[in-house]
Number of protein chains: 2
Amino acid sequence: MKLSTRARYGTRALLDLARHGGEKPVQLKDIAGRQNISLHYLEHIIAPLVGAGIIRSTRGVRGGLRLTRQPKDVKLIEVIQLLEGTTTPVDCISNPETCDRADLCVTRDVWCVMKKAIDTALESVTLQDLVEKQKRKETSVKQSV
Amino acid sequence: MKLSTRARYGTRALLDLARHGGEKPVQLKDIAGRQNISLHYLEHIIAPLVGAGIIRSTRGVRGGLRLTRQPKDVKLIEVIQLLEGTTTPVDCISNPETCDRADLCVTRDVWCVMKKAIDTALESVTLQDLVEKQKRKETSVKQSV
DNA sequence: AACAAAGTTTACTATTTTAGTCAACAATGG
DNA sequence: CCATTGTTGACTAAAATAGTAAACTTTGTT
């Protein structure tokens with residue numbers, strides 16, 4: 001039940017983008033630098049997010065990445081589903097036909113409850129929430145120094 | 001975020017044990033047969049459960065496995081933690097020292113919320129719940145035939 | 001005592017997934 | 001046209017997963 005680095009790096013990259021994005025596009029190499037993630041790897045991770053239209057990219061000089069929505073309109077559940085493929089702990093939830101016990105299986109019901117718990121948790125968090133929380137953490141650190 | 005077959009098979013094995021266990025110990029090969037799981041593989045999966053004392057085993061003729069507690073006293077969270085190692089989606093939750101960003105990291109906070117959601121879900125289910133649910137499913141199938 | 005029936009343990013292996021790297025390519029602005 | 005930036009596909013090393021096999025230990029029965 002581990003989250004892949006794709007999901008973790010991708011979320012951090014999006015958060016970084018939300019944090020540093022403004023008028024001008026943010027370059028992937030800057031995100032990679034700030035987040036200390038391999039640029040080449042991040043390129044792959046970002047791809048499904050661009051594909052899904054959460055991010056818009058512009059190539060060429062002064063190009064980069066931009067969020068297509070307000071951070072408050074990007075729920076974590078969507079991000080994780082794109083990066084992780086799904087939040088389903090077992091295949092038989094989304095594809096009951098892969099297991100002939102599916103209809104009688106009570107453990108399947110438990111995994112289903114589990115998935116719902118995960119989804120509910122991720123449903124309630126937006127990029128905006130993360131940005132704000134991060135700002136608060138940063139200022140509190142500055143003050144304590 | 002997939003659950004391993006260890007977790008799934010192990011849970012099913014325990015459920016089977018709770019279902020068929022009575023006076024006499026239940027033999028692993030019978031569980032393996034009923035659940036259609038490789039006996040050899042199941043031996044490995046069962047090991048940590050025996051080690052943790054959820055199951056007691058007796059070797060030799062007429063030996064087998066027995067639950068050491070009432071099914072109502074076995075919570076799924078405990079089973080999954082034993083089989084899966086942990087329910088933690090990222091290491092930095094239980095081991096903050098593995099990441100030097102841990103204290104400032106807001107994504108870490110999200111994974112923490114996620115873990116709690118999973119734990120709460122699994123905390124609320126016992127083997128007894130599964131046994132009862134399974135009995136209900138079975139009788140409703142019989143009736144509909 | 002011997003044997004058969006259980007579980008235990010260790011060693012090994014094939015396959016898949018993960019986490020990347022590398023290089024060629026495409027588009028864009030100056 | 002060229003430097004810059006993102007895109008794509010090929011490739012790979014390492015780790016995890018999902019087993020298999022076999023030797024071993026314990027225990028009840030004969």
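In the text below, chain A, chain B and the rest are named by the order of the sequence lines, each starting its count at 1.
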Can you tell me the distance, in whole Å, between the [atom1] atom of [X] and the [atom2] atom of [N]?
X     : N     : atom1 : atom2 : answer
B:I46 : C:dT8 : CD1   : P     : 9 Å
B:R66 : C:dG7 : CZ    : P     : 12 Å
B:L39 : C:dT9 : CG    : C1'   : 14 Å
B:R62 : C:dC3 : CZ    : C1'   : 17 Å

Practice prompt. Answer yes or no: is there a side-chain heavy-atom contact under 4.5 Å between A:K116 and A:D119?
Written response: no
Discussion item. I'd like to check the side chain to side chain contact (heavy atoms under 4.5 Å, CB included) partners of A:Q35; sequence neighbours left out, ordered by chain and number.
Written reply: A:R12, A:D16, A:I31, A:I37, B:R101
Practice prompt. Report the residues that fulfil side chain to side chain contact (heavy atoms under 4.5 Å, CB included) with B:H40, sequence neighbours left out, ordered by chain and then residue number.
Written response: B:S38, B:E43
Practice prompt. Provide the start and end nucleotides, 5' to 3', of the part of DNA chain D that has atoms under 4.0 Å from heavy atoms of chain A.
Written response: D:dA3 to D:dA10
Worksheet entry | side-chain contact (heavy atoms from CB on, under 4.5 Å) between B:M114 and A:T87, intermediate numbers included | CA-CA 11 Å; B:M114 198 168 149; A:T87 56; over 6 Å; no
Partners meeting side chain to side chain donor-acceptor pair (under 3.5 Å) with [X] (sequence neighbours left out):
X      : result
A:D30  : none
A:T120 : none
A:R108 : none

Practice prompt. Give me the residues of residues 1-35 of chain B where at least one heavy atom lies under 4.0 Å from an atom of DNA chain D, by number, or none.
Written response: B:S4, B:T5, B:Y9
Discussion item. Heavy atoms within less than 4.0 Å of DNA chain D: which residues of residues 49-61 of chain B have one? Give them sorted by number.
Written reply: B:R59, B:G60, B:V61
Discussion item. At under 4.0 Å between heavy atoms, how does the protein contact nucleotides 10-16 of chain C? Give one character per nucleotide, 5' to 3', with B, S or -.
Written reply: BB-----
Practice prompt. Only pairs at least two apart or in different chains count here, so list each salt bridge (charged side-chain N to carboxylate O under 4.0 Å, His left out) that has a residue in residues 72-89 of chain B.
Written response: B:R69-B:E78, B:K75-B:E123
Review item, side-chain donor-acceptor pairs of residues 45-65 of chain B, under 3.5 Å, at least two apart:
none

Worksheet item: Excluding sequence neighbours, so at least two apart, what forms salt bridge (Lys or Arg N to Asp or Glu O under 4.0 Å) with A:D129?
Response: none
Discussion item. Tell me whether B:K2 contacts the main-chain N or O of A:T88 through its side chain, where contact means a donor paired with an acceptor under 3.5 Å.
Written reply: yes
Practice prompt. Report whether B:I118 and B:I77 are members of the same hydrophobic cluster (ILVMFWY, side-chain heavy atoms less than 4.5 Å apart, transitive linking).
Written response: yes
Fill in: Shared hydrophobic cluster for B:L39 and B:L14 (ILVMFWY, side-chain gaps under 4.5 Å)
yes
